[in-house]
Undergrad: 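Take this structure first; my questions come after.
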Amino acid sequence: MNALLQPLRIGPLHLSNRIAMAPVTRARAGANGVPTALNAHYYRQRASAGLIIAEATNVSPMSAAFEDAPGIHHPDQVAGWKDVASAVHEAGGKLFVQLWHGGRISTYALLDGAAPLSPSGMNDDLGLLQVYGALRNGYYTRIAASPSRAMSVEEIHATVQEFRTAARHAVLAGIDGVEIHAANGYLPQQFLSSHVNRRQDQFGGSIENRARFLRLIIEAVLQEMPAAQVGVRLSPFALYNNAIDADADGPGDSDTRATYAYVAQMLNGYGIGYLHAADTNAWSGNKDMPRILEILRPYFKGVLIANGGLSFEEAEQLVVAGQADMVAFGRQYIANPDLAARIAQGGPFNEPDPFTFYGGDDIGYTDYPALS
């Protein structure tokens with residue numbers, strides 16, 4: 001695994017290897033989404049990753065697809081993230097936080113009685129939306145999504161400013177950079193999707209209009225930090241949360257390909273630090289990474305991170321071939337805090353326990369053993 005172990009530079013950041021920790025929701029934040037000492041310990045354990053991309057983090061009280069996920073919109077949350085960043089930096093690591101707005105992927109039960117926000121109030125697929133909550137008996141489970149309502153133009157611009165504020169908070173917390181979560185069917189991808197986004201104004205219809213929300217977010221975040229310290233996550237073919245374009249499995253996948261080629265070129269023009277290509281369908285064994293890279297790589301010249309169902313051997317081959325510059329691992333990092341060292345020596349690898357992925361305490365979180 002020589003290529004994965006080589007150093008890499010993203011803007012001003014010198015990364016010790018090309019193995020990233022993917023953003024993995026663990027639903028273990030404290031009250032009101034405040035990161036805790038347990039969270040800081042968890043990320044410190046994994047600081048030997050070339051880059052840690054911390055879990056999806058709410059930019060707004062109106063973003064809540066998973067109960068007990070962290071936020072970065074309140075001063076107490078910023079203080080918690082400051083402790084996390086300090087722990088990672090003391091251990092020699094680099095940390096980005098993933099900025100997240102669930103949009104229509106939520107329920108009134110997590111939004112203080114409010115309806116979730118969405119581009120156009122499409123609600124004929126609520127059974128496909130992945131919303132999770134903590135039960136009183138301590139178990140964590142999927143719960144029903146609520147009907148969303150279409151955002152006004154004023155609300156769209158207000159949400160853009162929430163991303164900007166979140167980026168400012170990341171700087172105040174001493175975090176190295178941010179990743180805009182425009183994948184997995186969450187709000188920015190909802191705007192990109194011709195299936196979900198049925199608006200007839202400047203935020204719907206053409207590719208340029210559907211990409212406008214993401215463009216405004218990027219421009220707002222760039223008011224707070226250099227482009228080289230901003231990443232964006234995309235998942236063009238993700239079935240998860242049903243934001244896939246109407247023809248994504250049809251002949252030529254024309255709209256999806258055109259949309260994401262446009263987005264990749266747009267992001268390249270801003271000079272952002274990296275593009276994170278997520279193959280969400282690989283979770284179910286249907287790997288799309290070749291066609292994702294086929295769309296993105298020709299148009300994005302910066303650092304490209306590949307993620308989703310990749311073996312270590314496949315990851316090595318992608319880096320050697322120049323198709324990706326870095327590879328992110330999620331479930332492997334849940335169970336192996338020192339994953340880079342284990343890859344370097346060829347194992348052994350701990351197996352993750354899926355029953356402790358979400359919610360709970362240190363069990364299945366910080367108790368996975370490191371190498372002796």
Side-chain angles (χ1 to χ4, degrees), residues 21-43 45-46 53-81 83-84 97-118 123 125-148 162 166 181 183-187 240-242 280 283 330-331 333-335 337 351-368:
M21 178 181 174
V24 181
T25 295
R26 304 304 309 276
R28 283 173 168 84
N32 301 315
V34 176
T36 67
L38 181 65
N39 304 143
H41 180 48
Y42 170 74
Y43 284 113
Q45 288 179 320
R46 289 153 179 81
I53 309 170
E55 63 205 276
T57 301
N58 294 307
V59 301
S60 166
M62 285 301 295
S63 166
F66 283 71
E67 189 174 10
D68 296 331
I72 195 167
H73 51 83
H74 188 277
D76 291 345
Q77 297 165 349
V78 178
W81 277 114
D83 291 341
V84 174
V97 66
Q98 188 184 65
L99 304 186
W100 183 38
H101 196 303
R104 73 193 193 109
I105 318 301
S106 192
T107 168
Y108 73 93
L110 299 181
L111 300 177
D112 197 25
L117 300 176
S118 66
N123 292 307
D125 61 348
L126 295 182
L128 300 177
L129 307 186
Q130 303 284 324
V131 185
Y132 285 81
L135 301 182
R136 291 180 64 184
N137 62 10
Y139 288 96
Y140 203 87
T141 189
R142 184 177 173 185
I143 58 179
S146 295
S148 66
E162 289 174 335
H181 197 349
N184 294 19
Y186 297 120
L187 190 59
Y240 188 77
N241 285 323
N242 202 34
T280 307
W283 298 346
R331 297 184 184 191
Y333 255 116
I334 287 177
E351 287 296 320
D353 173 15
F355 294 104
T356 57
F357 280 175
Y358 304 122
D361 49 22
D362 62 315
I363 305 301
Y365 191 58
T366 57
D367 64 340
Y368 286 104

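Sequence positions, counted from 1, serve as the residue numbers for this chain.
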Undergrad: Do any N or O atoms from the side chain of Ser146 and from the backbone of Ala115 form a donor-acceptor pair under 3.5 angstrom?
TA: no

Undergrad: Taking Gln98 for its side chain and Ala22 for its backbone only, find out whether a donor-acceptor pair lies under 3.5 Å.
TA: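 Between the backbone of Ala22 and the side chain of Gln98 there is no qualifying donor-acceptor contact (under 3.5 Å).
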
Undergrad: With rounding to the nearest 0.5 Å, note down the distance linking CD1 in Ile334 to OH in Tyr365.
TA: 10.0 Å

Undergrad: Does the side-chain contact (heavy atoms from CB on, under 4.5 Å) test come out yes or no for Tyr132 and Thr25, once each step is laid out?
TA: CA-CA 11 Å; Tyr132 285 81; Thr25 295; over 6 Å; no

Undergrad: Once rounded to the nearest 0.5 Å, what's the spacing between atom CG of Asn58 and atom NE2 of His181?
TA: 10.5 Å

Undergrad: Using the six-membered ring wherever Trp is involved, compare the ring planes of Tyr358 and Tyr140 and label them parallel, tilted or perpendicular (cut-offs 30° and 60°).
TA: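 Tilted, since the angle between the ring planes falls between 30° and 60°.
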
Undergrad: Take Leu187 and Leu117, measure what side-chain contact (heavy atoms from CB on, under 4.5 Å) needs, and give me the verdict at the end.
TA: CA-CA 8 Å; Leu187 190 59; Leu117 300 176; 5.6 Å; no

Undergrad: Verify the distance criterion only: is there a donor paired with an acceptor across the side chains of Asp353 and Tyr368 at less than 3.5 Å?
TA: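 There is no such pair (donor and acceptor under 3.5 Å, judged by atom type) between the side chains of Asp353 and Tyr368.
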
Undergrad: Will you find, in the side chains of Glu55 and Tyr43, an N or O donor that is under 3.5 Å from an N or O acceptor?
TA: yes

Undergrad: Looking at every heavy atom in both Ala69 and Trp100, which two are closest together, and how far apart are they?
TA: CB-CZ3, 3.7 Å

Undergrad: Evaluate the side-chain proximity of Val131 to Leu110: yes if any heavy-atom separation is below 4.5 Å, no if none is.
TA: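 Yes, close enough: below the 4.5 Å cut-off.
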
Undergrad: Do any N or O atoms from the side chain of Asp362 and from the backbone of Asp367 form a donor-acceptor pair under 3.5 angstrom?
TA: no

Undergrad: Could you report the tightest heavy-atom contact between Gly33 and Gln77, atom names first, then the distance?
TA: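 Shortest heavy-atom contact: O-CG, 3.5 Å.
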
Undergrad: Donor-acceptor check, side chain of Arg46 to backbone of Tyr333, threshold 3.5 angstrom: yes or no?
TA: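 Such a contact is found between Arg46 side chain and Tyr333 backbone.
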
Undergrad: With a 4.5 Å cut-off on side-chain heavy atoms, are Tyr42 and Val84 touching?
TA: no

Undergrad: CG/Asp68 to CZ/Arg28 distance, rounded to the nearest 0.5 angstrom?
TA: 10.0 Å

Undergrad: Roughly how far, to the nearest 0.5 Å, is the OH atom of Tyr108 from the OG atom of Ser148?
TA: 15.5 Å

Undergrad: Does Asp76 CG have over 12 foreign heavy atoms under 6.0 Å away?
TA: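 It does: Asp76 CG has more than 12 such atoms within range.
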
Undergrad: Measuring from atom CD of Gln130 to atom CG of Asn242, what distance do you get when rounded to the nearest 0.5 angstrom?
TA: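 Going from the CD atom of Gln130 to the CG atom of Asn242 covers 10.5 Å.
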
Undergrad: Could you check whether any side-chain heavy atom of Leu111 comes within less than 4.5 Å of a side-chain heavy atom of Pro116, counting everything from C-beta outward?
TA: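 A side-chain contact under 4.5 Å exists here.
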
Undergrad: Just wondering, are more than 12 heavy atoms of other shown residues or ligands nearer than 6.0 Å to CG in Asp112?
TA: no

Undergrad: Between atom CZ of Arg26 and atom OG1 of Thr356, what is the distance when rounded to the nearest 0.5 Å?
TA: 6.5 Å

Undergrad: Are the side chains of Arg104 and Asp125 in touch, meaning some heavy atoms are under 4.5 Å apart?
TA: yes

Undergrad: Measure the shortest side-chain to side-chain distance between Ser63 and Tyr186 over non-hydrogen atoms and say whether it is less than 4.5 angstrom.
TA: no

Undergrad: Return yes if some donor-acceptor pair links the side-chain N/O of Thr36 with the main-chain N/O of Gly30 below 3.5 Å, else return no.
TA: no

